[in-house]
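Here the structure comes first, spelled out in structure tokens, and everything after it is commentary.
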Amino acid sequence: MKAVGLYKYLPIDEADSLLDLEIESPRPLGRELLVDVRAIAVNPVDTKMRAPQDKVEDTPRILGWDAAGVVEAVGPQATLFKPGDEVFYAGSFIQPGCNSELHLVDERIVGGKPQSLDFTQAAALPLTSITAWESLFDRLGIAADGSDRGRRLLIIGGAGGVGSVATQFAKQVAELDVTVTASRPESRKWCRELGADHVINHYLDIPEQVSQLGIDGFEFILCLNETDKYWQTMAAVIAPQGKICSIVETAAYVDLGTLKSKSATFVWEFMFTRSMYETEDMIEQHHLLCRVAELVDAGTVKTTVNKVLEPINSKNLKAAHAQIENRHTIGKIVLQGWDS
């Protein structure tokens, strides 16, 4: 079967950074599904896993953690899906990725594809939806039933993939007062269209802009960009007894003591935790994606695909990686279809 992968970890402009490959088709075991992949999306984690390092793989490494497709076959213990079902999912960090025609994935981290979306539109949602949902409702403890209505959330990095979904969940599901950061006119417009109440510029003084809005602090902050860079800013604008969640690892030391006087909470979100450790509640990601599909089909949440490339091959994946590394992506980049 066709796949795109790598042997060497190289800059994206190198010819061998991503390769078109022919690899053996896998067979599902246990609770695995074998999925006929129709569309994939590209995320920052793909570029981080491909980043240059002194390592050479003996067998090709397949990246990719966002897919939509059709179940081709199921393992002997699988009960949630059957062949022919349309699904979407983000996969597991410790298993081969979905940049292949056929892909194995544990059914407990798979959701039924939204009926109102095609495969391309659906592929944009899984990783960012899981990350946003777990950040807001599991890590920050925001109520998903609207009972925290009107409380204030700041999202640092509102126009990217996770920010685009988090804004919708925060506004349409939790009914919060949502402030996001975005700098360019097109990204600011995108954020407002997704429901943000306020858009501020992360290149300017954030506390000053927040003060100009008449906001004296945020009960919740979701950091989607350079945790250490924005650490002092977050400490300044978090409300007493507020909560901060970040999805971006630190590149330098941060002083947790800065939060002490406010009794503020800091927590990480990593959407691969459940699948990596096969936690007892791993199936919650199945339930979460099914809930997202319901919200999409009800018109409450919309897909965040903003660029589509065709077909799925190394040339187009290189272009997607390059755009993400340039850090000017709005929404999600999706690839659809395989060369015949």
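Predicted, not measured: the structure shown is a model, and the values here were computed from it. Side chains are part of it too, since the values below use all heavy atoms of this structure and drop only hydrogens, waters and symmetry mates. Along the sequence shown, residues carry numbers from 1.
- Residues that satisfy the side chain to side chain contact (heavy atoms under 4.5 Å, CB included) test with Ile312, not counting sequence neighbours, are Ile40, Leu335, Trp338.
- Partners of Thr47 under the side chain to side chain contact (heavy atoms under 4.5 Å, CB included) rule, at least two apart in sequence or in another chain, are Arg50, His321, Ile324, Glu325.
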Exercise. Begin from the C-alpha positions of Met49 and Phe93 and carry the test side chain to side chain contact (heavy atoms under 4.5 Å, CB included) through to its verdict.
Key: CA-CA 10 Å; Met49 293 302 101; Phe93 192 62; 3.4 Å; yes
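- For the atom pair Gln232 CD and Ile206 CD1, the distance stands at 12.5 Å (nearest 0.5 Å).
- Judged as a salt bridge (Lys or Arg N to Asp or Glu O under 4.0 Å), and not counting sequence neighbours, the contacts of Glu175 are Arg149.
- Partners of Arg151 under the salt bridge (Lys or Arg N to Asp or Glu O under 4.0 Å) rule, at least two apart in sequence or in another chain, are Asp148.
- Under the 4.0 Å criterion applied to side-chain N and carboxylate O atoms, Lys243 and Glu219 are not assigned as salt-bridge partners.
- The line from OG of Ser129 to CZ of Phe88 is 6.5 Å long, rounded to the nearest 0.5 Å.
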Quiz item: Can you check side chain to side chain contact (heavy atoms under 4.5 Å, CB included) on Phe169 and Val292, steps first, answer last?
Solution: CA-CA 9 Å; Phe169 289 166; Val292 171; 3.8 Å; yes
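- Atom-to-atom distance recorded for Leu317:CG and Ile333:CD1 is 10.0 Å, nearest 0.5 angstrom.
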Quiz prompt | Test side chain to side chain donor-acceptor pair (under 3.5 Å) applied to Ser164 and Thr304, step by step | solution = CA-CA 7 Å; Ser164 298; Thr304 56; 5.5 Å; no
Self-check item: Residues Leu18, Asn99; criterion side chain to side chain contact (heavy atoms under 4.5 Å, CB included); working and verdict
Solution: CA-CA 11 Å; Leu18 292 171; Asn99 294 346; over 6 Å; no
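- Residues that satisfy the side chain to side chain contact (heavy atoms under 4.5 Å, CB included) test with Arg291, not counting sequence neighbours, are Trp133, Val173, Glu294, Leu295.
- Between the side chains of Asp228 and Thr250, no donor N or O sits under 3.5 Å from an acceptor N or O.
- The stretch residues 75-84 participates, sequence neighbours left out, in these side-chain hydrogen bond (donor to acceptor under 3.5 Å, both in side chains) pairs: Lys82-Asp85.
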Do any side-chain atoms of residues 2-11 form donor-acceptor pairs under 3.5 angstrom with protein atoms, and if so which ones, sequence neighbours left out?
unit_1 : atom_1 : unit_2 : atom_2 : d
Tyr9   : OH     : Glu57  : OE2    : 2.4
Tyr9   : OH     : Arg61  : NH1    : 3.3

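- Phe266 pairs by the ring-ring contact (aromatic ring centres under 6.0 Å, His included) definition with Trp231, Trp268, not counting sequence neighbours.
- With salt bridges taken as basic N to acidic carboxylate O contacts below 4.0 Å, one links Arg152 and Asp216.
- Met234 places none of its side-chain heavy atoms less than 4.5 Å from the side chain of Phe218.
- Judged as a salt bridge (Lys or Arg N to Asp or Glu O under 4.0 Å), and not counting sequence neighbours, Asp58 has no contacts.
- Summarising the hydrophobic clusters (Ile, Leu, Val, Met, Phe, Trp, Tyr; side-chain heavy atoms under 4.5 Å, direct or chained), the residues clustered with Ile330 are Trp190, Leu194.
- The side chain to side chain donor-acceptor pair (under 3.5 Å) test with Gln323 singles out one residue from Lys318, Lys307, His328, and that residue is Lys307.
- Looking at heavy atoms from C-beta onward, Leu154 lies out of side-chain contact with Ile238 at the 4.5 angstrom threshold.
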Can you list, pair by pair, the side-chain donor-acceptor contacts under 3.5 Å of residues 63-70, counting residues two or more places apart and other chains?
unit_1 : atom_1 : unit_2 : atom_2 : d
Trp65  : NE1    : Ser92  : O      : 3.1
Asp66  : OD1    : Leu127 : N      : 2.8
Asp66  : OD2    : Asn43  : ND2    : 2.9
Asp66  : OD2    : Lys332 : NZ     : 2.7

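- With sequence neighbours excluded, the residues satisfying side chain to side chain contact (heavy atoms under 4.5 Å, CB included) with Ser25 are Met1, Leu102.
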Self-check item: From CA spacing to verdict: side chain to side chain contact (heavy atoms under 4.5 Å, CB included), Leu125, Leu117
Solution: CA-CA 11 Å; Leu125 289 172; Leu117 301 184; 3.8 Å; yes
